[in-house]
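Predicted model only: the values in this text are computed from it and were never measured. Note: hydrogens, waters and symmetry copies are ignored here, and every other heavy atom, side chains too, is used. The first residue of the sequence shown is numbered 1, and numbering continues consecutively from there.
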Amino acid sequence: QVQLLESGGGLVQAGGSLTLSCAASGHTFSTHAMGWFREAPGKEREFVASISGGGFVTYYTDSVRGRFTLSRDNARNTVALQMNNLKSEDTAVYYCARGKRLGVATLEANYDAWGRGTQVTVST
């Protein structure tokens with residue numbers, strides 16, 4: 001059974017940094033892309049970033065490109081989302097997700113397992 005466990009959320013001031021981690025188990029980690037999505041209050045869940053199974057390809061939504069960095073450690077079955085220069089609009093529950101395939105993906109339909117989420121709150 002695939003399990004994804006996020007950690008690292010919290011309260012941070014605007015301009016600050018946080019690193020979210022996702023620990024995966026129950027599947028062959030390196031053969032699946034991984035992604036992060038977020039859901040802000042009153043809004044639909046949206047794509048944030050994705051990384052290919054081998055970790056060589058990453059893709060970011062425009063609003064976080066240049067501020068967020070997604071990486072993975074296939075030996076430890078973990079992914080990390082480094083978030084810098086955080087803004088109030090980054091406030092959301094962040095979800096880790098496992099891609100159905102090896103390549104990066106932006107649509108929720110291309111993910112088949114989800115974590116429970118971790119709250120990120122950016123204060124101004």
Side-chain angles (χ1 to χ4, degrees):
Q1 181 179 359
V2 177
Q3 291 190 325
L4 303 174
L5 181 62
E6 303 98 336
S7 62
L11 175 64
V12 64
Q13 289 189 332
S17 299
L18 277 177
T19 299
L20 304 183
S21 297
C22 176
S25 62
H27 70 285
T28 305
F29 186 68
S30 62
T31 60
H32 294 265
M34 296 295 293
W36 286 91
F37 289 74
R38 67 185 179 187
E39 185 172 348
K43 297 186 177 181
E44 293 186 352
R45 189 159 58 184
E46 65 172 355
F47 168 78
V48 176
S50 180
I51 187 166
S52 62
F56 299 108
V57 180
T58 54
Y59 187 80
Y60 303 90
T61 193
D62 287 346
S63 63
V64 309
R65 189 174 291 116
R67 299 189 297 121
F68 291 11
T69 302
L70 182 56
S71 61
R72 66 189 295 159
D73 184 341
N74 284 347
R76 298 185 177 186
N77 288 5
T78 59
V79 292
L81 183 67
Q82 172 69 42
M83 307 185 295
N84 298 325
N85 190 22
L86 283 160
K87 305 176 180 181
S88 59
E89 51 263 41
D90 295 317
T91 295
V93 177
Y94 284 72
Y95 297 90
C96 174
R98 186 190 79 159
K100 292 180 179 177
R101 303 178 182 84
L102 189 65
V104 296
T106 63
L107 299 178
E108 288 192 32
N110 292 320
Y111 292 84
D112 60 5
W114 297 81
R116 300 179 69 175
T118 185
Q119 176 71 48
V120 171
T121 303
V122 183
S123 65
T124 56

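A salt bridge does not link Lys87 with Asp90: none of the charged nitrogens is closer than 4.0 Å to a carboxylate oxygen.
To the nearest 0.5 angstrom, Thr121 atom OG1 is 13.0 Å from Gln13 atom CD. The CG atom of Asn85 sits 8.0 Å away from the OG atom of Ser17 when rounded to the nearest 0.5 Å. Annotation: the span from Met83 atom CE to Thr69 atom OG1 amounts to 11.0 Å, rounded to 0.5 Å. A distance of 10.0 Å separates CZ of Phe37 from OG1 of Thr61, quoted to the nearest 0.5 Å.
Counting only N and O atoms by type, the side chains of Glu89 and Thr91 include no donor and acceptor under 3.5 Å apart. Using modelled atom types and a 3.5 Å distance limit, the side chains of Ser50 and Tyr60 yield no donor-acceptor pair. Side-chain N/O atoms of Thr19 and Gln82 include a donor and acceptor closer than 3.5 Å. A donor atom on one side chain and an acceptor atom on the other are not found under 3.5 Å apart for Asp73 and Thr78.
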Output, in order, the C-alpha distance, side-chain angles, deciding distance and verdict of side-chain contact (heavy atoms from CB on, under 4.5 Å) for Leu20 and Ser7. CA-CA 6 Å; Leu20 304 183; Ser7 62; over 6 Å; no

Might you work through the side-chain contact (heavy atoms from CB on, under 4.5 Å) test for Leu107 and Phe47, ending with a clear yes or no? CA-CA 7 Å; Leu107 299 178; Phe47 168 78; over 6 Å; no

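Between Trp36 and Ser21, the closest heavy-atom pair is CH2-O, 3.7 Å. Shown here for Thr28 and Thr31, the closest heavy-atom pair between the two residues is O-OG1, 2.8 Å. Considering every non-hydrogen atom in both Gly35 and Tyr111, the closest pair reads N-CE2, 3.6 Å. Leu18 approaches Gly8 most closely through the heavy-atom pair CD2-O, 3.8 Å. In terms of heavy atoms, Asn110 sits closest to Ala105 at CB-CB, 3.6 Å. The heavy-atom pair separating Arg72 from Val79 by the smallest distance is CB-CG1, 3.6 Å.
In the hydrophobic cluster analysis, where Ile, Leu, Val, Met, Phe, Trp and Tyr join through side-chain heavy atoms closer than 4.5 angstrom, Ile51 is grouped apart from Leu5. Hydrophobic clustering (side-chain heavy atoms under 4.5 Å, transitive across Ile, Leu, Val, Met, Phe, Trp, Tyr) keeps Val104 apart from Leu102. Leu86 and Leu70 end up in the same hydrophobic cluster when Ile, Leu, Val, Met, Phe, Trp and Tyr side chains are linked at under 4.5 Å. Taking hydrophobic clusters as Ile, Leu, Val, Met, Phe, Trp and Tyr residues chained together by side-chain heavy-atom distances below 4.5 Å, Met34 shares a cluster with Val64.
In terms of modelled atom types and a separation under 3.5 Å, the side chain of Glu6 and the main chain of Gly117 share a donor-acceptor contact. For the pair His32 (side chain) and Gly99 (backbone), a donor-acceptor distance under 3.5 Å is present. With Thr118 contributing its side chain and Gly9 its backbone, the two residues share a donor-acceptor pair below 3.5 Å.
For the side chain to side chain contact (heavy atoms under 4.5 Å, CB included) criterion with Tyr95, the lone passing option out of Glu108, Arg116, Arg45 is Arg45.
Counting heavy atoms from C-beta outward, Arg76 and Phe29 have side chains that stay 4.5 Å or more apart.
Between Phe68 and Tyr94, the ring planes are tilted. Angles from 30° to 60° get that label.
With sequence neighbours left out, the side-chain hydrogen bond (donor to acceptor under 3.5 Å, both in side chains) criterion links Glu46 to Arg38.
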